[in-house]
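Below is one structure, written out as C-alpha cells, with a few remarks after it.
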Number of protein chains: 2
Amino acid sequence: MALTLEQIAKLAGVSRSTVSRVVNDDPNVRDEVRQRVWRVIRETGYQPHAAARSLVTRRTQIIGVIIPESVTTLFTDPFFSLLLAGITAACNENRYHLMLSLFNSPEGSDAIYQRVLRSAYLDGVIVASATGDDPLIPRLLRDSIPFVLVGRHLDKRVTYVDVDNVSGARMATEHLIRLGHKRIATVTGPMSMLSAQDRLTGYKQALEAHGLPVDSSLIAEGDYREGGGIAAVRRLLPASPTAIFVASDVMAVGVLKALRQEGREVPGDIAITSFDDLPVATAVQPALTTVRQPIDDLGRTAVQLLLDLIHRPPDATSVPQRLVLPTELVVRGSCGARR
Amino acid sequence: MALTLEQIAKLAGVSRSTVSRVVNDDPNVRDEVRQRVWRVIRETGYQPHAAARSLVTRRTQIIGVIIPESVTTLFTDPFFSLLLAGITAACNENRYHLMLSLFNSPEGSDAIYQRVLRSAYLDGVIVASATGDDPLIPRLLRDSIPFVLVGRHLDKRVTYVDVDNVSGARMATEHLIRLGHKRIATVTGPMSMLSAQDRLTGYKQALEAHGLPVDSSLIAEGDYREGGGIAAVRRLLPASPTAIFVASDVMAVGVLKALRQEGREVPGDIAITSFDDLPVATAVQPALTTVRQPIDDLGRTAVQLLLDLIHRPPDATSVPQRLVLPTELVVRGSCGARR
DNA sequence: ACTGGTATTGAGAGCGCTCCCAACACGACT
DNA sequence: AGTCGTGTTGGGAGCGCTCTCAATACCAGT
C-alpha cells in the first residue's frame, strides 16, 4: 500500500505537520530534522497523494490542452505534434502535468466541457487555434477559468500568443513579387480561422504595396488540408496565375499534386510559396519555399503565460497579455529563386 | 464559488447521501426524489469535485499515455498523432481523461516517473512503443500499476496490443519479389525496437520463402527518421539493389530524396515499398506502396485493454492479453507495379 | 394489533493532506 | 526573577466526497 504522511512521520519520529513542512520546503524546520525526514522519504519512496493535496490546496498541478471541435480534424497536422512537444517540455520543466482533450466525441462538446472543465481537474487550459467564434471562449471567460489561446482573438479579455501571420504571408508574397510575378494567386485556410484571415491580409498587403491589383478570381478558400489544396487549384487555374501563395504546407502538398496532374511544372510554370515549414516541406519535390513559424516557442510561451495567470493573486487586475512571435521566410526550390 | 454536495442537498431538500446516490446512479432512490435532485443539479450546473471523489474512491478517471524517453524524438511522427486521436476518442467514449507525458525532460526520466506515476494521479497507463529493454516496464510491473503496451514485449506479464509487423513486412517484400526483383535491400528501424526487429524478420522470411539469399550488404539500419533513410541509401547503393523495402514511410521519404540526388529513378531504377501508410505516403512522388496499419484501432484497443485491467477485481488472476492486429498492403506508384 | 421484511433515507466516520493556532523551549533583555 | 520574542513543533479542524450502518416508513401476512 502507498504510504501516508502520518506513517512517514512515525518513522522519522516527528509529527505529520513537520513532514508536511519538509515536503513543501517550509523554512521553519530545524536542519537536523529536515535531513532525517528527507532520508525517510527517500528510503521509502514516499510520494504525497495528489488528490488529498488538491482537495485542500485547490490546485491540481494539471493544465489542459484543448483542441476544439472546430479543428479536431486538423489534429494529425504535424503542427499540433510540434506544439504539444513544446507544451509538454515546458510543463515538465515547471513540474506541471498535461491533460489532453480533443473535443471530438459524439457526446457533444457541451458534455465534454462540463466533464473536463467544471470538475476542478484543471488549474488552467491552453486552447489550440480555435476559430474566431468558438463557443468555448465565452464559456471559459464566464466560468473564469484561466486560459491562454494559441492564435489571436478579438475579445480584449483574452490572453494569447500568436505568430505573426500577416507579416509572414506578406514576406512569402513579396518574395514572389520580387521574382517578377504579376499574377499571384493564393489558397487560403478556412476563413473561420483568424490565422487564415491574417495570412490573406498579408497577401493583400504585399500586392497593394507593390501596386498590384487584388483579383478575387485569384483567391480560393481552402481548409488547411491536402484535399483543400487540390480543389483550390482547379478553381484557380482558369485565372492563369504564374505563382501561388498557399497558406499552409499541407495544402501546398495538395497543390503540388494537383499541378502535376494538370501537367504544370513547379516552379517552371507556376511558382509556389507556402506557410508553416513543417517537416513535409522538405519531403516533397521541389522542396517548399515557406514561412517558418516558431511552433516550439509558441507552445512554451503559452505555458508560461498560463502559469503566470494561474499564479497571479486573484485580486490583481491586469491587462491580458498578447504576444506575437516573429516568422521567417525559408527559401527552397518551389519558388524558382534558385535555378 | 463551486457548489458542493451539501448545498445541492439543501436546495433539493434531501441529505448529502441522497444526492451522492443520485449522482452515482444508485438505484435505491425514490423516482420522485431522483427527478427533483437532478433538476437542481441541472439548474445549478453542479459538477462533483474530482479530487474529493478521488480521495475516497482511489480512482481518478485519468489514464496516462507515456512516450518513453527512447522514442520522444519520434513524437512528431504522425503515427503518434493518429495513435493519440484513437486513444482520446476511446477515452471520451468511456468518460476517462487522458494525461500525456513525454519523458523528454532534463530532470531525467526517474524523476518524471516518480512525479507522474507514484502520486496516484493515474488509474493506469498506456506506454507507446518502447524499446524492448525500456527500464519503464520493470518499474511499472514492480509498482503494480495497470498498464498496456502499444507494441509487443517479451515479458509474459505484459498486456499489449501490436500490429502484425512480421506479416506486413513479408507482404511488402513478397510484393517486390512477385514483381521480379532478386536483389532486394531493406532499411530497418532502430534495432532496439521490437517493431524494427519484426519488420526485418518479415523481410527475411519473404526472401527465404522464395529461395533468395539474405545478404547483409543489402541490410542497413535506420532510425525511423528521414535522415536515417538518406544515410542508409548511401550504404546500400554499392550493393546495387533493384528494390528496397523501407521499414517506415518517413524513412522512405528520405530514401526517395537520396535516390533522386543520386540520379536514380523510382520505381524505374529502384522500386520501393514501405510501412505505415501515413498521410505522407501519398504526398510524395511517386506515392508509396506501403503496408497500412490500423493505428486508430491500435489506440482504441489499448484503451479497452487498459480499462479491463483497471476494472478487474484485484484478486482476479488472469493471463495478460496480447492482441495482434492485421496489416494490409496498399499498392501505389513506388513499387512499379502500375506503369 | 403485531411481526417481519423491504425500500428509502440520513448521520457519522474517514480518505490524506494543508493550514491555523496553541504550546513549548530557549536565549536575551529589562 | 520576570518578560518578551523567536524559532520550532504538534494537534485539531476541515477540504468534498463515498460508504457503512442505523433509523424510519411502509406494506403484507398472521
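In what follows, chains are A, B, ... by sequence order, proteins preceding strands, each numbered from 1. As a basis for the values below, the full set of heavy atoms in this structure was taken, side chains included, without hydrogen atoms, waters or symmetry mates. Bear in mind the structure is a predicted one, so any value in this text is a computation, not a measurement.
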Checklist entry - Taking CD from Gln7(B) and P from dC15(D), how many angstroms apart are they, rounded to a whole number? => result 11 Å
Checklist entry - Whole-Å distance between dG10(C) P and Lys10(B) NZ? => result 14 Å
If you look only at pairs with a residue in [range], which of them pass as a salt bridge (Lys or Arg N to Asp or Glu O under 4.0 Å), with sequence neighbours excluded?
range                       : answer
residues 9-20 of chain B    : Glu6(B)-Arg16(B)
residues 85-106 of chain B  : Glu107(A)-Arg95(B), Glu93(B)-Arg300(B)
residues 123-141 of chain B : Asp110(B)-Arg139(B)

Item to check | Those residues of residues 28-45 of chain B lying under 4.0 Å from DNA chain C by at least one heavy atom | outcome: Asn28(B), Val29(B), Arg30(B), Val33(B)
Checklist entry - Under the side-chain contact (heavy atoms from CB on, under 4.5 Å) test, which residues partner Thr159(A), sequence neighbours left out? => result Val148(A), Leu305(A), Leu309(A), Pro320(A), Gln321(A)
Checklist entry - By side-chain contact (heavy atoms from CB on, under 4.5 Å), which residues pair with Leu11(B), not counting sequence neighbours? => result Val40(B), Thr44(B)
Checklist entry - Are there more than 12 heavy atoms of other residues, nucleotides or ligands under 6.0 Å from atom CZ of Arg157(A)? => result no
Checklist entry - More than 12 foreign heavy atoms under 6.0 Å from CD of Glu69(B): is that the case here? => result no
I'd like to know if the side chain of [X] reaches the main chain of [Y], judged simply by a donor and an acceptor atom lying under 3.5 Å from each other, with no hydrogens or angles considered.
X         : Y         : value
Asn92(B)  : Ile112(A) : no
Thr131(A) : Met193(A) : no
Asn94(B)  : Tyr96(B)  : no

Checklist entry - Does His49(A) have any ring-ring contact (aromatic ring centres under 6.0 Å, His included) partners at least two apart in sequence or in another chain, and if so, which? => result none
Next on the checklist: Applying side chain to side chain donor-acceptor pair (under 3.5 Å), can you list everything that pairs with Ser195(A), at least two apart in sequence or on another chain?
Outcome noted: Tyr224(A)
All N/O pairs under 3.5 Å across the protein-nucleotides 23-28 of chain D interface:
none

I'd like a list of close polar pairs between nucleotides 16-18 of chain D and the protein, N/O only, cut-off under 3.5 Å.
| from | atom 1 | to | atom 2 | distance (Å) |
| --- | --- | --- | --- | --- |
| dG16(D) | OP1 | Arg58(A) | NH1 | 3.3 |
| dG16(D) | N2 | Ala52(B) | O | 3.4 |
| dC17(D) | OP1 | Tyr46(B) | OH | 2.4 |
| dC17(D) | OP1 | His49(B) | N | 3.1 |
| dC17(D) | OP2 | Leu5(B) | N | 2.4 |
| dT18(D) | OP1 | Asn24(B) | OD1 | 3.4 |
| dT18(D) | OP1 | Asn24(B) | ND2 | 3.0 |
| dT18(D) | OP1 | Arg53(B) | NE | 3.0 |
| dT18(D) | OP1 | Arg53(B) | NH2 | 3.3 |
| dT18(D) | OP2 | Ser20(B) | OG | 2.7 |
| dT18(D) | O4 | Arg16(B) | NH1 | 2.4 |

Item to check | Pairs satisfying ring pair (Phe, Tyr, Trp, His ring centres under 6.0 Å), at least one member in residues 108-134 of chain A, at least two apart | outcome: Tyr121(A)-His97(B)
Next on the checklist: Using OP1 and OP2 only, check whether a side-chain N or O of Thr18(A) sits under 4.0 Å from dG10(D).
Outcome noted: yes
Checklist entry - Roughly how bent is the helix from dA1(C)-dT30(D) to dT30(C)-dA1(D) end to end, in steps of 10 degrees, with each end axis from five pairs? => result 60°
